Amino acid sequence: MMSTYETLTGLVERFSPTHYEAEAVAWLVGRMLSLGFASARTDEAGNAVGTIGEGPNQIVLLGHIDTVPGKIPVRVENGILHGRGAVDAKGPLAAFVDAAAQTGLVPGWQIVVIGAVDEEGDSAGAWHAAARYHPRYAIIGEPSGWNRIALGYRGIVRFRFQARQTIGHSAAGRDSVCEMAVDFWNRLVEFCARENRAAERKFDQLTPVLQEMHSAGDGFVEKGEMSGNVRLPQRIAPERIKDVLREAAAGIGTVETEGIPLNAFRVEKSTPVVGSLLSGIRSLGGDPSFSLKLGTSDLSIVGPAWNCPMAVYGPGDSTFDHTPGECISLEEYGKAAAVLVGVLKRLTAAVR
Amino acid sequence: MKGMCPECEGEVTIPEDAQSGEILVCPDCGIELELTSLDPIQLSLAPKEAEDWGE
């Protein structure tokens with residue numbers, strides 16, 4: 001089992017909210033070189049990339065190095081590391097680095113560890129990596145828990161609705177822009193409810209989320225705005241939701257999508273990657289389980305591009321994601337790193 | 001190699017190159033199984049899929 005937590009604590013100590021990852025990236029590049037990676041660099045997207053070995057077979061371990069905002073004082077108390085990003089997702093990324101370093105050089109294989117930027121934004125780091133690597137196997141780093149394997153994530157479409165009209169007297173009997181925005185929202189919610197009737201699991205359901213709404217006027221024109229997102233199941237593509245949003249806005253306003261819409265994605269279970277993780281968890285006395293995540297991750301970007309056996313794995317309790325109490329158990333971190341060492345050794349032993 | 005489905009006691013063929021942790025499907029009842037041991041052959045019900053709101 002790993003006996004050092006320097007990679008983890010060093011990463012968490014370097015606060016790196018989205019768009020401000022450079023210091024953490026530079027530190028991780030140096031850390032990977034000090035651990036014996038053959039090369040480590042900052043790539044064109046700003047990702048930290050370390051490699052061990054050369055060969056026709058490649059394993060990519062992709063985690064993200066950015067975090068949500070909100071600095072949390074970094075400290076260790078009773079075996080728990082507190083700090084922004086400890087669980088989402090510097091814990092999984094650091095475990096990748098430590099596990100790859102401990103696995104070391106394997107003839108015929110290249111192990112690539114990527115600390116991707118912008119995952120909490122538009123995933124610029126993952127889009128860059130998706131187009132540049134062609135791994136035989138891949139593991140995506142998110143906090144599944146040391147004894148759990150995440151198999152899939154839902155997709156997402158983000159939207160912004162706007163209604164405008166000339167200001168009239170409120171007693172005139174016409175809808176205000178606020179009421180028009182509520183109409184748009186109700187149409188969207190009704191569509192989602194109809195689509196969800198036959199879907200028992202939330203993973204298979206559409207979930208509309210209203211994040212922000214406000215209105216303003218300048219004495220002549222009043223404007224109402226609403227923004228939010230819709231989480232998508234596998235059976236519904238982003239293009240369908242774009243149509244639904246346009247239909248919901250018809251006659252009352254305009255709607256635009258924001259960012260890059262993502263499809264839901266789930267991995268195959270009967271693969272060497274999932275099998276190695278199951279076996280590795282059991283070898284440490286764990287009782288493995290699978291999870292389907294209701295959020296969205298870089299898996300939806302690299303999954304379709306790489307089209308190889310993969311899984312999502314990493315230490316940490318995802319209920320702490322994005323919370324002021326973000327923390328990770330050092331014991332759990334050590335177990336996950338040990339599982340990953342076993343997984344890398346088994347995957348690279350099977351094919352030479 | 002052969003194993004027995006713990007759900008329906010049907011016979012399950014284990015591929016020669018199978019490794020522990022491999023997920024197989026019982027040809028009789030269709031349930032997913034995990035090959036938890038190769039020597040001796042041991043099949044268990046595959047882990048269930050739970051939902052989790054996080055990333």
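Bear in mind the structure is a predicted one, so any value in this text is a computation, not a measurement. Convention: sequence-line order gives letters A, B, ...; per-chain numbering from 1.
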- Heavy-atom distance under 4.5 Å to chain B: side chain of Arg282(A), backbone, both or neither? side chain
- Message: Against Pro47(B), only a single residue in Ile149(A), Leu278(A), Asp287(A) fulfils side chain to side chain contact (heavy atoms under 4.5 Å, CB included); can you say which?
- Response: Leu278(A)
- Query: Between Ser20(B) and Arg346(A), do the side chains contain an N or O donor and an N or O acceptor separated by less than 3.5 Å?
  - Reply: yes
- Which one of Gly316(A), Ser291(A), Gly280(A) has the most heavy-atom pairs closer than 4.5 Å to chain B? Ser291(A)
- For residues Leu294(A) and Glu51(B), report the shortest heavy-atom separation together with the two atoms involved. CD2-OE2, 4.1 Å
- Item | Lys/Arg-Asp/Glu bridge criterion (N-O < 4.0 Å) met for Arg148(A), Glu49(B) | no
- Note on the structure: Taking every heavy atom of Lys269(A) against every heavy atom of Ile23(B), the minimum-distance pair comes out as O-CG1, 3.8 Å
- With the side chain counted from C-beta on, respond yes when Ser318(A) and Asp52(B) share a heavy-atom pair under 4.5 Å apart, and no when they do not. yes
- Message: Going by the rule side chain to side chain contact (heavy atoms under 4.5 Å, CB included), which residues pair with Pro309(A) if we only count those two or more places apart in sequence or in a different chain?
- Response: Tyr137(A), Thr271(A), Pro272(A), Val273(A)
- Query: Any idea which of Glu34(B), Glu32(B), Glu22(B) has the most non-hydrogen atom pairs under 4.5 angstrom with chain A?
  - Reply: Glu34(B)
- Just wondering, are more than 12 heavy atoms of other shown residues or ligands nearer than 6.0 Å to CD in Gln211(A)? yes
